[in-house]
Trainee: 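Sharing a structure with you now.
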2 protein chains.
Amino acid sequence: MSTTRLLILGLVRWVQPVHGYDVRRELLSWHADEWANVAPGSIYHALKKLAQEGLLREVATEQVGARPARTRYEITEAGEREFQTLLRRYWWEYRQPIDPFFAAFAFLPALGQREAVAALRNRARNLRGHAEFVRTAIDRGGFDGNEPPHTFELFRLMMARSETEAQWCDEVADLVAAGDLPTDAVAAAPRPQSSNIQT
Amino acid sequence: MSTTRLLILGLVRWVQPVHGYDVRRELLSWHADEWANVAPGSIYHALKKLAQEGLLREVATEQVGARPARTRYEITEAGEREFQTLLRRYWWEYRQPIDPFFAAFAFLPALGQREAVAALRNRARNLRGHAEFVRTAIDRGGFDGNEPPHTFELFRLMMARSETEAQWCDEVADLVAAGDLPTDAVAAAPRPQSSNIQT
DNA sequence: AGCGTAATACTCAAATTTGAATGCCAGATG
DNA sequence: CATCTGGCATTCAAATTTGAGTATTACGCT
């Protein structure tokens, strides 16, 4: 299930009463656009949906000049309960994130050996660059300094992941360079019958 | 953008002519349900959409008894070009995957210290368990043996990630246990003004 | 032969997500 | 003081995703 519900519910709870734009501002300041669905539409949709379900309450709608009116929300009793439930679900259940690179890698054989090696090395560079960027940002006390300390741990996790993955990329690049993995497939091979779907 | 397009296009290209159910079968055999959107509806939708865009072509519709007719698809010239484009995009562009746990962790302060530590340790266990499961499955030559070798590298990546993340969980659990990270927040603190949104 | 379970194959309404588009206001620039 | 840029605040149609639902056949078991 979607992460957006938890994010919006939790954020409203945290900074209430808030309106959509502020929610988005806050989420972007968390760099949440890199790891969650925070397109404007998603936020406004979630806000309305949650209100409609009685988990949020419209508190006020202000208007400045002729700009679109802002609707501020706050969390309700029911919302608080739902938040606790969702929070626990995501803390206790493990689900692998959806990673677009997996899909790409599955089609390694469709790529040329040269390009595969180059792309993997490039990816390793990107990943290390990303890690380095996060590291220096942390070290130099970037991030305006208002962030609660657990935010840094989140960044540390990103760094650790990036480094692990970078190393994997280099190892696989070596394998591909050595010709140990299939590349340059021209035509499709006949595939064996795959196994069944279990309900 | 969605990974499903690439996955379906590539799979049809690989095993054509195929029908939806087979595509799903194959994807599940790759355990793709763990890292991509492969609900039945997604697959049939993508198939129809791609056909409508002229990237796939309906090749035949067979019928066995009174069961729903199967429509087999194959890739077109245009589809092949699109596949190459998408493949390259995903190989060369780095995008962080969307991870539901990040959202959960962002609300660490809303959790009790006790529970946070327990959940983190539990997550570490889960992650190590997952890694171990994959490892033994590989070692014992699980996975029916028809998988191309690069599939194993994908599993190795999953393992490496799981281990990295498990270690992080333990470290953070220690920090939380030591009281170095905020937990048990009761009320919301007033937040400072966050920065602006750049277009 | 009859029964239950599982596999086959897809549909559809509902929910979610995207991101371009809209339009206003404030401050800087020339 | 006219214009341009960029921040504010949301809407909306279109695209995607979900997953339960439908209905048929194959297979093993008693």
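To find a chain, count down the sequence lines: A is the first, B the second, and so on, and within it residues start at 1.
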Trainee: With each end axis built from five pairs of C1' atoms, what bend angle do you get for the helix from C:dA1-D:dT30 to C:dG30-D:dC1? Round to 10°.
Mentor: 20°
Trainee: In whole angstrom, what separates A:Leu28's CG from D:dA9's P?
Mentor: 14 Å
Trainee: Atom CD of B:Glu62 to atom P of D:dT25: distance rounded to whole Å?
Mentor: 16 Å
Trainee: Compare every heavy atom of B:Ala106 with every heavy atom of A:His150, then report the nearest pair and how far apart it is.
Mentor: NE2-O, 2.9 Å
Trainee: Rounded to whole angstroms, how far apart are CG on A:Leu86 and P on C:dT16?
Mentor: 11 Å
Trainee: In plain terms, say whether B:Lys49 and B:Glu53 are close enough for a salt bridge, that is, a side-chain N and a carboxylate O under 4.0 Å apart.
Mentor: yes
Trainee: When clusters are formed by joining ILVMFWY residues with side-chain heavy atoms under 4.5 Å apart, either directly or through shared neighbours, do B:Leu11 and B:Val59 land in the same one?
Mentor: no
Trainee: Not counting sequence neighbours, which residues clear salt bridge (charged side-chain N to carboxylate O under 4.0 Å, His left out) with A:Lys48? List them please.
Mentor: none
Trainee: Which residues in residues 70-83 of chain A have a heavy atom closer than 4.0 Å to any atom of DNA chain D?
Mentor: A:Arg70, A:Thr71
Trainee: Residues of residues 35-51 of chain A with any non-hydrogen atom less than 4.0 angstrom from an atom of DNA chain C: list those, numerically ordered, please.
Mentor: A:Asn37, A:Ala39, A:Pro40, A:Gly41, A:Ser42, A:His45, A:Lys49
Trainee: Would you tell me if any nitrogen or oxygen in the side chain of B:Ser2 comes within less than 4.0 Å of OP1 or OP2 on D:dA15?
Mentor: no
Trainee: Give the rounded distance in Å between these two atoms: CZ of A:Arg25 and P of D:dA9.
Mentor: 7 Å
Trainee: Taking a hydrophobic cluster as the set of Ile, Leu, Val, Met, Phe, Trp and Tyr residues connected by side-chain heavy atoms closer than 4.5 Å, whether directly or through intermediates, do A:Ile98 and B:Leu9 fall within one such cluster?
Mentor: no
Trainee: Find out if a path of hydrophobic residues (ILVMFWY) with successive side-chain heavy-atom gaps under 4.5 Å connects B:Leu127 to B:Val172.
Mentor: no
Trainee: So, using side chain to side chain donor-acceptor pair (under 3.5 Å) as the criterion, who are the partners of A:Arg114 when residues are at least two apart?
Mentor: none
Trainee: Would A:Val15 and B:Phe107 show up in the same hydrophobic cluster when neighbours are defined by side-chain heavy atoms closer than 4.5 Å?
Mentor: yes
Trainee: When you measure from the side-chain N and O atoms of B:Thr4 to the phosphate of D:dT16, is any distance below 4.0 Å, counting only OP1 and OP2?
Mentor: no
Trainee: Please report, rounded to the nearest Å, how far the P atom of D:dT17 is from the CD1 atom of A:Ile98.
Mentor: 8 Å
Trainee: Report the C-alpha separation of A:Arg121 and A:Asp174 in whole Å, then their side-chain angles, then the decisive distance to 0.1 Å, and conclude whether the salt bridge (charged side-chain N to carboxylate O under 4.0 Å, His left out) test is met.
Mentor: CA-CA 9 Å; A:Arg121 301 253 187 248; A:Asp174 290 341; 2.8 Å; yes
Trainee: Could you list the residues that satisfy side chain to side chain donor-acceptor pair (under 3.5 Å) with A:Thr183, not counting sequence neighbours?
Mentor: none
Trainee: Tell me: CZ of A:Arg24 to P of D:dA9, nearest whole Å?
Mentor: 13 Å
Trainee: Report yes if the distance between the aromatic ring centroids of B:Trp168 and B:Phe105 is under 6.0 Å, otherwise no.
Mentor: yes
Trainee: Please state how far atom CG in A:Leu27 lies from atom P in C:dT18, giving the value in whole angstrom units.
Mentor: 13 Å
Trainee: Select one nucleotide: of D:dA9, C:dT17, C:dC10, the one nearest the side-chain heavy atoms of A:Tyr21.
Mentor: D:dA9
Trainee: Whole angstrom is fine here: how far is it from CZ in A:Arg5 over to C1' in D:dT17?
Mentor: 16 Å
